[in-house]
There are 2 protein chains.
Amino acid sequence: MDLRPHAHDGERLATACREAGLKATPQRLAVLKALLTSREHPGPEAVFRQVRGELSSISLATVYKTLDALEAAGLVERVTPLSDGRRYDANRTPHHHLVCTTCGRIEDHEDPALAPPVPPQLGGFQARSVRVEVLGVCAACRREA
Amino acid sequence: MDLRPHAHDGERLATACREAGLKATPQRLAVLKALLTSREHPGPEAVFRQVRGELSSISLATVYKTLDALEAAGLVERVTPLSDGRRYDANRTPHHHLVCTTCGRIEDHEDPALAPPVPPQLGGFQARSVRVEVLGVCAACRREA
DNA sequence: AAACTAGATGAGAACTATTCTCAACTAGAA
DNA sequence: TTCTAGTTGAGAATAGTTCTCATCTAGTTT
């Protein structure tokens, strides 16, 4: 279900929550609406500020919990799936990363065929490099499950 | 210069630092060596633990500063360029992100031609989704510079 | 419609990751 | 050898995120 065209329609959002097994609370609807109407890829703090306008009593902790819940339900996505702490790599040859969403392990994957070319210019945006992350489950975690 | 084949050769690493305009301190060489010999994409804490083995007096703050310096010098890369806080997106249609490395703004970019197919299986790794991030400088930041 | 209950919320404390500050130190230049 | 800009170590400070728990409420049951 694409929620965007009807972002202002509370009942649709409520239904989406319920279908995902979440209670349709005013807080959740407000957070969801804020994300649906924003183009800024906001973080928790920004969502909090935005939502406070219509729900002045909401707490920051609730925003965090709500974002987690909406993400787990697949209604919202983290632009930064790897954002739990930094990770470094000294391998300077072009390669992709296979990120295990279960254990967090990151494997290098060199496959020139899969490598997208660095696009030169996209609109007014000047590209420098491209990163590709493949999210999934690694061999070890699959064995356990 | 690819440093990996000679990761044990201190003088090569020292030269690489100097060429990048950094003093070749034992701390830097140790951090660099730790990254070059690891396949784990370690974070600052892991590097710290590793490096302590040979340089017991090194401090965590130095590891952070060193990682920043090596990254700025291009000797090392952050696997997680967007890791300064979480960002969310409710746009569930497939698209890329154009990430401005100057101001941090993230733009959506829908371009089916550029979209890589989700690979089914890579070795033992079961892929679920692919993310593509294009790093560069946005129009607004280019105007200022 | 009223009662019930699992799940959700708010507030602040707690925790973790990261950055800052600054005096002491040292690599590399002169 | 001397000099100096850049670097380090230690701990304090800050920022981001999670936890705890008493209270509340959405949705279900009666």
Side-chain angles (χ1 to χ4, degrees), chain A residues 10-32 34 41-49 51-73 75-76 78-88 104, chain B residues 10-32 34 41-49 51-73 75-76 78-88 104:
Chain A
E11 204 42 56
R12 277 181 73 92
L13 301 187
T15 301
C17 281
R18 292 191 198 103
E19 280 177 356
L22 299 173
K23 287 184 178 174
T25 67
Q27 290 85 344
R28 277 179 187 153
L29 301 183
V31 167
L32 196 42
H41 305 84
E45 194 70 44
V47 169
F48 180 52
R49 282 194 305 270
V51 165
R52 265 190 147 170
E54 76 179 56
L55 243 183
S56 63
S57 68
I58 197 172
S59 79
L60 181 57
T62 295
V63 171
Y64 271 96
K65 285 184 272 203
T66 300
L67 289 170
D68 285 349
L70 294 175
E71 185 192 5
L75 294 173
V76 143
R78 237 157 124 151
V79 177
T80 52
L82 300 178
S83 66
D84 302 318
R86 320 169 164 191
R87 306 285 291 269
Y88 289 88
Chain B
E11 203 43 53
R12 276 181 74 90
L13 301 187
T15 302
C17 281
R18 291 191 198 101
E19 280 177 358
L22 299 173
K23 287 183 180 174
T25 67
Q27 290 87 344
R28 277 180 188 152
L29 301 183
V31 167
L32 195 42
H41 304 85
E45 194 70 43
V47 170
F48 180 52
R49 283 194 304 270
V51 165
R52 265 189 147 171
E54 74 178 58
L55 243 183
S56 62
S57 68
I58 196 172
S59 80
L60 181 56
T62 295
V63 171
Y64 271 95
K65 284 184 272 202
T66 300
L67 289 170
D68 285 349
L70 294 176
E71 185 192 4
L75 294 173
V76 143
R78 237 157 124 153
V79 178
T80 50
L82 300 178
S83 65
D84 302 318
R86 320 169 163 190
R87 306 285 291 267
Y88 289 88

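Treat the numbers as computed from the prediction; the structure is a model and nothing was measured. Heavy atoms only: backbone and side chains are in, while hydrogens, waters and symmetry mates are out. Every chain is numbered from 1, with letters handed out A, B, ... down the list of sequences.
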Using residues 56-65 of chain A as the side-chain source, report each donor-acceptor pair under 3.5 Å to any protein atom, sequence neighbours left out, with the distance given to one decimal.
unit_1	atom_1	unit_2	atom_2	d
A/S59	OG	A/T62	N	3.3
A/S59	OG	A/T62	OG1	3.2

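Formation of a donor-acceptor pair under 3.5 Å by the A/R28 side chain with backbone atoms of A/T66 is not found in this model.
With the end axes of the helix from C/dA1-D/dT30 to C/dA30-D/dT1 each set by five pairs, the angle from one to the other reads 40° at 10° resolution.
Residues passing the side chain to side chain donor-acceptor pair (under 3.5 Å) test with A/R86, sequence neighbours excluded: A/Y88, B/D68. Among residues two or more places apart in sequence or in another chain, the side chain to side chain donor-acceptor pair (under 3.5 Å) test is passed with A/R78 by A/S83, A/D84.
The closest side-chain heavy-atom distance from A/Q27 to A/V31 is not below 4.5 Å.
Annotation: the span from A/R87 atom CZ to B/T80 atom OG1 amounts to 8.0 Å, rounded to 0.5 Å. Atom CG of A/L70 sits about 6.5 Å away from atom CG of A/L22, to the nearest 0.5 Å. Residue B/E11 holds its CD atom at 5.5 Å from CZ of B/R18, rounded to the nearest 0.5 Å.
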Inset, instruction - Starting from the C-alpha separation in whole Å, work towards a yes-or-no answer on side-chain contact (heavy atoms from CB on, under 4.5 Å) for B/L32 and B/V76. - result: CA-CA 8 Å; B/L32 195 42; B/V76 143; 4.0 Å; yes
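On the nucleic acid side, DNA chain D contacts chain A at distances under 4.0 Å to non-hydrogen atoms, with the end points of that region at D/dG16 to D/dG27.
Closest heavy-atom contact between A/C17 and A/L29: SG-CD2, 4.2 Å.
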Legend entry - Annotated protein contacts, base or backbone, on nucleotides 17-30 of chain C with a non-hydrogen cut-off under 4.0 Å, one of B, S, - each: SBBBB-----BS--
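Residue A/Q27 contributes atom CD, which lies 17 Å from atom P of C/dG7 at whole-angstrom precision.
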